[in-house]
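Residue numbers start from 1 in every chain, and the chains themselves are labelled A, B, ... in the order their sequence lines are given, proteins ahead of strands.
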Amino acid sequence: MTPSQLKRKLDDELSALLAASEEHDCGRLEFVLADRGDLLEAVTTLQELGITHLITITGVDAGDEIEVLYHFLRYGEYDDGDLGEGVELTIRAIVPKDDPKIATLTDVLPGATLYERELMDMLGVEVTGHPNPEKLLLADDFDGGPPLRAENLEVS
Amino acid sequence: MDLATGILYLLVFPGFAFLFTYALAAEYLDRKLYARVQNRVGPPPLQPLADFLKLLAKESAVPENATARIYKAAPLTGLAGVLTAMLYIPVWSETAAMSFEGDLVVVLFLLSLPSFSLFFGGWYSGNVFSQVGTTRTITQLFGYEIPFFLAAFAPAVAAGTLELSSIVAFVGSNPLHMLVFAPAFVIGLLSLQAKLERIPFDAPEAESELATGALAEYSGRKLALFRLTKDVELVVGAALLSALFLGGPYPVGSIEGVAGAALGIAVFLAKTIAIVAVLSILRGVLARLRIEQVLNVFYRWLVPIGLLQIGIVLAVGLYAEGLL
Amino acid sequence: MSLPGKLVPEALKTLGKDRATVSYPKNKRTLPERFRGAVEFDPDPCTGCGMCERHCAADAITVTSGPDGTVSWEYDVARCMFCGQCEESCPTDAIVMGQEFELADSDRESFEERYTFER
Amino acid sequence: MSEDVSGTKIPVGPQHPSLKEPANFTLTVDGEVITGADLKLSYNHRGIEQAALSKTYLENIYLLERICGICSHAHTSSFVTGVEDLLDLDVPRRANYIRTLIGELERIHSHMLWLGVAGHEIGFDTLWQYAWRDREIVLDLLEEITGNRIHYSINTIGGVRQDLTDEQRETVLAKMDELEERIDFYLETVPNEETVRMRCEDVGTVSTELAREYCAAGPVGRASGLPVDVRRDAPYAAYDEMDFDVITDTAGDLLARTTVRIREVAESISIIRQAAKGIPDGDLKATPQPMQALLAQIPEGDVVSRYEAPRGELIHYLRSDGTDTPERIHIRVPTLANWPTVVEALRGSYIADTPIVVAGIDPCISCTSRIGVETDGTHAGENSFNLDELREYGIEWYDDRADGGSATGEPGTDRGDRP
């Protein structure tokens, strides 16, 4: 299954939820969610298609809104002959700055726990329903704002 | 046994002076061999002495919430026990410096005194980590003591006496028994390794979990005495094993006079050094076992072998009697 | 449940081997030719362009050109991380990575090197 | 991750004799068996993702390289491949071969370091000495080819900076034969030594479902049967021309992780041989343009570059805004993906096994906390220092303690009562 075949399959599976989708030249797929509320639904459909490996969650402060990127990986099948290589795909959710909240994935995807805590630490996006929302990377008594928000950036 | 020879035995020859130097030499040999097995260079010959003197110079603190009397007395009791044990073990001839019927039991008790002093010292030092370490020391003590006694009693049963000197005389007179005692010798080696809390049986002071277990709070003179006790225990244990299972001064036991004594000492040194070398290699090739695995090894493997050994000795005894 | 002690033959063989370590500082290992130690600077070819300062990630080099056409090139070995980028970025090969790695010292000034020359 | 099960709580770390780097586990135990574990990381979070934003792409190569000592090549290769994708440079085959060769040498150096540390954790110090002695073969090779044992600094934007001379190729091939002999020894003795089996077999087991659920990466995932290997998924550098297979196991316990890593070293040796024999001629950089010109041409856009680091799949997310400094860098290190599996593996094992189970995932805590930065003190948070303030604060704190430990009451320099 080449990346473009996977893209067509996912396009029609997730058509209701997507705002846009593109395929980068190096075989990387990207799907932009229309509304961050359907994140859970999109991830569960991915899991039904066998894509369960969440690589990581990246938060980017894009000026007036925060983009949260969920990078997934579909395993390559080495053993049963079909040497289809693994494909990397990203689901991008847009979170407005005035209401920085997003639903947690930990109940369908326990692997997301640490990445969501890092997102909370660094970008200040509150992940609702997270089982263990303490600080992961910052000191407990660190009272400066989320370090990677544009206003806190110390770009000397 | 007039006063002069008594003091000579106690303080000079099989007593303190000889044991002090031989213990440090044994520690040097052990550490050097362990290092060479790992392709490392290893310490210079006087390193153990340097460590001992350095520790003597260091401050010997007493923790606030420790019970001072017991904490201070612990190191001495262990060392005293082990030093006196040496007097009952034959060195240069088949009879030891002192001997009486039943001195084997006394020696076995004196040899386990350091473990108790370690326990009391660690428990009353008031440090949580050493208390966990001491409970492990005691659990391990229950593990190795029983097989060690079984192994030690095998030659006693064969010789029909509990006097160390006459046991050595018996083994010396019919050396074939040494082959019969081979399993007991292996149990003795493993139990000595466990008594000294060396790999693979060093769970009580496992560096990667408890950071030096019972001795965590000890420093200065007291720590120096504890380390010396352990070295002397190694030497005395090796001496006991060589006396019981390798027939003490076996080939030269019967030669009289000064030459016999000199040869006896040479044979004693050779055998004990060989035992220390075997324990050192053993330390180099095995990984550390968890505390319940140590007990598992001793109870599930060594106790049955010990009982079997006693059975074999009895059978051999009957067989010899039966034929007579 | 095999008998423990698989390593005994290797352990006994190792007894015979000679040491694997070098007793530094009595005798020292010969460094490979490409070893990157402290920076060695030669003022003559230097044009004072400052590419080394710009590409130095550790800000260990500062190049200042004085009013009367003199250029001063300062290098702080305490900040340098020996990556060798200055050697590569220097258009006139004025900077070469030396082989000196024993750089510990007690006073801070000894870490700074300063060259001032006419340009 | 851990429901607060009642039962005594034992803190292990952050300063702990067996964990050389600061990570803290609060174990809930009953008796000797662990029932739950809570993880606290990053005692020295050093803010690299922010530090990288104020440096150019060229300087960032050397900053990211110093995230970790045992996978420095992974970080620079992954970052530089990302920048090359942005610039749409195609790296010459010879440079890719050299990059692959150094990458596999680093994998061997990292796995053998782990083998030694694991040996030390289970009290098998002889294995530690042997593994670290044999690792010197690889470190000497790296020093000879790149000039440094740990931070090779061989990658640059568009290719590599040092060439592999023919004479060096011969030494590489000769040393690989020598190393292979040692690896056969380890493969034959370590998994079969009874005391090692007693400490590692069925200890810290992570089932395939659990590994899949927690998205484990690298040798930890592969030892539990997950077919994750970026060298096969998205071949970078010269891996598409290399013939190697992905080492997997199904047992998922510590013994499986040990054997998977040792067999991976054997696999790396064969890859290095292929690279050293088959290296094509050609130049080392994609364009003769000076670095300054390249930095000016980086277009806007973002890229996810993936690399198979010794500990697993390493991700560099790079977003550029057309200037010569990146707009956002996100680095997900493989250790972060494997931490959840440690917490699951601890459940049900003994306290005495904590060090070896934690060491089982080959944690790289300097990766997880990333590299430090000097801020000018006006950072938003009031209790952060720069170097000089920290030094001055330390001296003053000890002076107070010396004269009777009075409260740090001096006006002006009071920084609150730090412990």
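C/Glu33 CD: 12 or fewer foreign heavy atoms inside a 6.0 Å radius. Annotation for B/Arg227: atom CZ does not count as buried by contact number, only 12 or fewer foreign heavy atoms lying within 6.0 Å. Within a 6.0 Å radius of CZ in C/Arg34, other residues, nucleotides and ligands contribute more than 12 heavy atoms. Environment of OH in B/Tyr299: crowded, with over 12 heavy atoms of neighbouring residues, nucleotides or ligands closer than 6.0 Å.
C/Lys17 and B/Arg36 get closest at one heavy-atom pair: O-NH2, 3.2 Å.
Remark: of the listed residues C/Val8, C/Leu15, C/Leu12, C/Leu15 is the sole one forming a side-chain contact (heavy atoms from CB on, under 4.5 Å) with B/Val37.
Note that CD of B/Gln38 and CG of C/Leu7 are 10.0 Å apart. Values are rounded to the nearest 0.5 Å. Considering NZ of C/Lys6 and CG of B/Leu286, their distance stands at 12.5 Å, rounded to 0.5 Å.
With a threshold of 4.5 angstrom between heavy atoms, B/Leu282 does not approach chain C through any atom at all.
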